[in-house]
Amino acid sequence: MLLQDPNLSVWLYAHPVDMRKQFDGLAALAQSKLKRPANSGELFVFINKRRTYIKILYYSRGGYCLWSKRLEQGQFHRVNGDEDKLSLNWAQLQCLIEGINWQKAPQNKRYVR
């Protein structure tokens, strides 16, 4: 089960990843490319070139956990950003997994005092 902590740091690697990589390969990417310790308990999100496969690596209770999802139809949307790593919040991660593009969703006006 994927951790459900809204205060957890989530890092998306912005470049395509070979999905044959498993625990050690993704942990090495997190440390070398994202410049974050892979065993920090943060979530590291990786997407393949065709954007049909997503893997989330995290460290929990003495070992690495790997969550993955493969789409039978469609693609995960591309997250806009200028860097190699993008910080996501919990809601953005959930939107990415469910196929909701929060970057293009219309913003409704809200009352502000």
Side-chain angles (χ1 to χ4, degrees):
M1 179 65 186
L2 192 60
L3 303 172
Q4 294 185 2
D5 182 1
N7 299 321
L8 200 57
S9 295
V10 180
W11 297 100
L12 171 67
Y13 183 56
H15 300 289
V17 174
D18 180 1
M19 285 299 139
R20 292 176 290 183
K21 291 185 185 295
Q22 294 297 318
F23 297 98
D24 295 332
L26 294 175
L29 268 179
Q31 291 180 318
S32 65
K33 300 294 184 180
L34 299 175
K35 308 291 189 219
R36 307 292 301 169
N39 61 355
S40 64
E42 300 171 317
L43 300 180
F44 300 99
V45 181
F46 304 96
I47 301 176
N48 69 340
K49 186 175 184 176
R50 293 182 7 206
R51 296 191 335 259
T52 58
Y53 205 113
I54 188 171
K55 285 189 177 181
I56 301 174
L57 178 75
Y58 60 98
Y59 191 84
S60 176
R61 297 184 188 164
Y64 287 107
C65 302
L66 191 59
W67 184 91
S68 63
K69 181 175 183 177
R70 185 188 74 196
L71 297 177
E72 296 299 321
Q73 287 185 328
Q75 294 179 321
F76 293 104
H77 73 272
R78 188 180 316 273
V79 179
N80 297 330
D82 298 332
E83 299 181 20
D84 287 345
K85 67 177 179 180
L86 302 168
S87 177
L88 303 178
N89 62 38
W90 187 255
Q92 290 171 331
L93 175 62
Q94 294 303 311
C95 287
L96 180 64
I97 291 170
E98 295 300 323
I100 301 168
N101 189 347
W102 73 90
Q103 294 177 319
K104 291 190 178 181
Q107 287 292 115
N108 295 328
K109 290 180 76 174
R110 297 284 187 239
Y111 175 76
V112 180
R113 284 188 168 190

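- Between I97 and I56, the closest side-chain pair of non-hydrogen atoms falls below 4.5 Å.
- Taken from CD1 in I54 to CD1 in I47, the straight-line distance is 4.5 Å, to the nearest 0.5 Å.
- Contact check for C65 versus Y59: no side-chain heavy atoms found under the 4.5 Å cut-off.
- Of all non-hydrogen atoms in V10 and V45, the two that sit nearest each other are CG1-CG2, 3.8 Å.
- Checked by atom type and distance alone, the side chain of K55 pairs as donor or acceptor with a backbone atom of K21 at under 3.5 Å.
- Nearest approach of H77 to I100, heavy atoms of both residues: CE1-O, 3.1 Å.
- Under the 3.5 Å distance criterion, the side-chain polar atoms of Q94 are left unmatched by any main-chain donor or acceptor of A91.
- Residue L43 comes nearest to Y58 through the heavy atom pair CD2-CB, 3.3 Å, listed as atom of the first residue, atom of the second, then distance.
- Note that CZ of R78 and CG of L96 are 12.0 Å apart. Values are rounded to the nearest 0.5 Å.
- Judged by distance alone, the side chain of K49 and the main-chain N or O of P16 form no donor-acceptor pair under 3.5 Å.
- Residues L71 and R51 approach most closely at CD1-O, 4.3 Å, considering heavy atoms.
- L26 and V17 make their closest contact through CD2-CG1, 3.9 Å (heavy atoms, listed as atom of the first residue, atom of the second, distance).
- Distance alone, capped at 3.5 Å, places no donor-acceptor pair between the K33 side chain and the Y13 backbone.
- Heavy-atom neighbours of D18 CG from other residues, nucleotides or ligands within 6.0 Å: above the threshold of 12.
- Considering CZ of F46 and CG of L29, their distance stands at 5.5 Å, rounded to 0.5 Å.
- In this structure a side-chain-to-backbone donor-acceptor pair under 3.5 Å is missing from R70 to Y53.
- Residues L8 and L93 fail the side-chain proximity criterion, which asks for heavy atoms closer than 4.5 Å.
- Residues D84 and H15 come closest through the heavy atom pair OD1-NE2, 2.6 Å.
- Between F23 and Y64, the ring planes lie tilted relative to each other; the angle falls in the 30° to 60° range.
- By the side-chain hydrogen bond (donor to acceptor under 3.5 Å, both in side chains) test, T52 pairs with N48, sequence neighbours left out.
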